Chemist: 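Could you have a look at this structure, given as structure tokens, before my questions?
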Number of protein chains: 2
Amino acid sequence: MSVKHSTQHKILDAAQTLFAETGFTDTSLRQITSMAEVNLASVNYHFGSKKELIQAVLQRYLVVLMPRLDQEFTRLLAVQQPNSLSQVLSVFVKPLLELNKVHQNGARIFLQLLGRGYTDVQGHLRWFFNHNYGRVLDKLVLLVQQACPDLPPSELFWRLHFSLGTVVFTMASNEALAEIAEADFNEKVDIEGVILRLLPYLSAAIAAPVATVTPLSYTAPKMASEGI
Amino acid sequence: MSVKHSTQHKILDAAQTLFAETGFTDTSLRQITSMAEVNLASVNYHFGSKKELIQAVLQRYLVVLMPRLDQEFTRLLAVQQPNSLSQVLSVFVKPLLELNKVHQNGARIFLQLLGRGYTDVQGHLRWFFNHNYGRVLDKLVLLVQQACPDLPPSELFWRLHFSLGTVVFTMASNEALAEIAEADFNEKVDIEGVILRLLPYLSAAIAAPVATVTPLSYTAPKMASEGI
DNA sequence: GCGTGTTTGAAATGTACGTTTGAATTTAAA
DNA sequence: TTTAAATTCAAACGTACATTTCAAACACGC
């Protein structure tokens, strides 16, 4: 962190904060440039458009995170015996927390932005992400498949997306949740705390036994009666 | 479904579809009234404002769903021995699927809207929801607490929100996921299929053993060792 | 110190939004 | 049929937005 920040830097810093808090659509360039104390036109001068600013904000973290993840995945794939699921999921922790070196609270901000990117419409973000980093995630799928050999591929597909939802939603509403947690349980929870709480949850979830029941047997196990 | 739809009805139908697809902020009243084939001013005439329209769209489902859930929760709370977690979660299935009687694809649409409500800024929706239906959800918390007596309250809080994220995100990206699933695995998955896949996932997740490890021990387990 | 290319500044452009208005039209009770 | 209320309609209002423009200020190699 240098003492003097360039205009680009100031814009990125203000943009990531506001985007994470308020979402991409609900944050205006006027808010960003006002917080960054730069001229409104400088966003379009330096980044071209709001869309490209959004990608630049994410890219600052992705170029750090994804090669690190790729490296971890490759390392795990190289070992002889398959890794356990919790081993696989654990490799996310350090690379994510190292985003705090990119910027203060970088890990939290990045995950919030990721959540916004998936829930806001922003179709260009999905494309941008899959196009640039799709092959890294293929390795993750392979690792989970090795860790849970009994899981049919389609079930694994769904569970990985369920898990993505867990993470992304949690981070998108992270502020609100942390506030409630502190008010109700007197426990201060930072991003690291949330990640560590997520690991056992996701490990158990992804490795859950596959239901063999038919839809009908799931309707109210208690009283029995009445179909859907 | 009557052959003639009132203006209110047409507005609600168009609004729920567009809100679910595009989110609340990114859907304009002009899009809604255009799809509903009614005059722009009729939204403010019938509902007062966009904010109140959003609440009316959700309310149409909540007034059906929440009393049903409340009734199921009360029934489960009345039994002598505590219910299993999967019994508790199963009671969601029928009430949710009955939303399909409120409107075609009602269950999917409602869950998508719920997701939008949590991730969009829309502070008024959180308030609206907690204020009207908070005590119903208190019963759910109690039931889960009985089913998982070893789970500390704060851990339960987080896991319930993780689970909410799983459901809400899955429904928000339901269309895309169902398309991929059909293309990659040749399996047609409807809302019921997704819900039934969610149950074992969530049961295992919520009941997962609480991690007793310290943060540091989670940094790259390296090789074998360590359980979940 | 000068002159060129880069960056910033204030202002304006055009578009889209939620909301309001008041007259026209439809509805339904008397 | 009359009449008053409820509803629909086209148009406009004021605001906020992303983006553009172009002159001023700046940086810095010569």
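Quick caveat, the model's predicted, so the values are computed rather than measured. Both backbone and side-chain heavy atoms feed into the values below; hydrogens, waters and symmetry mates do not. Chain letters run A, B, ... following the sequence lines, proteins first and then strands; every chain starts at 1.
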Chemist: Contact class for B:Thr27 vs. all strands (heavy atom < 4.0 Å): base, sugar-phosphate, or nothing?
Modeler: sugar-phosphate
Chemist: Could you tell me the separation between the CG atom of A:Leu29 and the P atom of D:dA16, rounded to a whole number of Å?
Modeler: 16 Å
Chemist: What integer distance in Å separates A:Ile11:CD1 from C:dT7:P?
Modeler: 12 Å
Chemist: Would A:Lys94 and A:Glu192 pass as an ion pair if we require N to O under 4.0 Å?
Modeler: no
Chemist: Looking only at non-hydrogen atoms, find the nearest pair between B:Thr33 and B:Asn39 and report the distance.
Modeler: CG2-O, 3.5 Å
Chemist: Please tell me whether A:Thr166 and B:Thr166 have a donor and an acceptor in their side chains that are separated by less than 3.5 angstrom.
Modeler: yes
Chemist: To the nearest Å, how far apart are B:Asp26 CG and C:dA16 C1'?
Modeler: 13 Å
Chemist: Does a salt bridge link B:Arg135 with B:Asp70, judged by any charged N lying under 4.0 Å from a carboxylate O?
Modeler: yes
Chemist: Show me the protein contacts with nucleotides 12-14 of chain C, counting only N or O atoms at under 3.5 Å.
Modeler:
none

Chemist: Tell me whether B:Glu155 is salt-bridged to B:Arg159, with the criterion being a basic N under 4.0 Å from an acidic carboxylate O.
Modeler: yes
Chemist: Do the ring planes of B:Tyr201 and A:Tyr201 sit parallel (below 30°), tilted (30 to 60°) or perpendicular (above 60°)?
Modeler: perpendicular
Chemist: From CZ of A:Phe24 over to C1' of D:dA18, roughly how many Å is that when rounded to an integer?
Modeler: 17 Å
Chemist: Go through B:His9 and B:Asp13 one step at a time and tell me if the side-chain contact (heavy atoms from CB on, under 4.5 Å) criterion holds.
Modeler: CA-CA 6 Å; B:His9 198 136; B:Asp13 285 354; 3.1 Å; yes
Chemist: Taking only N and O in the side chain of A:Ser28, is any of them less than 4.0 Å away from OP1 or OP2 of D:dA16?
Modeler: no
Chemist: Flag the pair B:Asp26 and B:Arg116 as a salt bridge only when some basic side-chain nitrogen lies within less than 4.0 angstrom of an acidic carboxylate oxygen.
Modeler: no
Chemist: If you restrict it to nitrogen or oxygen atoms, what contacts under 3.5 Å exist between nucleotides 6-9 of chain D and the protein, and what is each distance?
Modeler:
{"residue": "D:dT7", "atom": "OP2", "partner": "B:Tyr45", "partner atom": "OH", "Å": "3.0"}
{"residue": "D:dT8", "atom": "OP1", "partner": "B:Thr7", "partner atom": "OG1", "Å": "2.3"}
{"residue": "D:dT8", "atom": "OP2", "partner": "B:His46", "partner atom": "NE2", "Å": "2.7"}

Chemist: Hey, does B:Leu202 have a side-chain heavy atom less than 4.5 Å from the side chain of B:Val167?
Modeler: yes
Chemist: Salt bridge check: are B:Arg108 and B:Glu21 linked by an N-O gap of less than 4.0 Å?
Modeler: no
Chemist: Would you kindly give the CZ-to-C1' distance between A:Phe47 and D:dT20, to the nearest whole Å?
Modeler: 18 Å
Chemist: Please give, in whole Å, the distance from D:dT19 P to A:Asn44 CG?
Modeler: 5 Å
Chemist: To the nearest 0.5 Å, how far apart are CG in B:Leu99 and CZ in B:Arg68?
Modeler: 9.5 Å
Chemist: At a cut-off of 3.5 Å, list every protein nitrogen or oxygen paired with a nitrogen or oxygen from nucleotides 23-29 of chain D, distance to 0.1 Å.
Modeler:
none

Chemist: For A:Lys50 and D:dT20, what is the distance between atoms NZ and C1' respectively, to the nearest whole Å?
Modeler: 17 Å
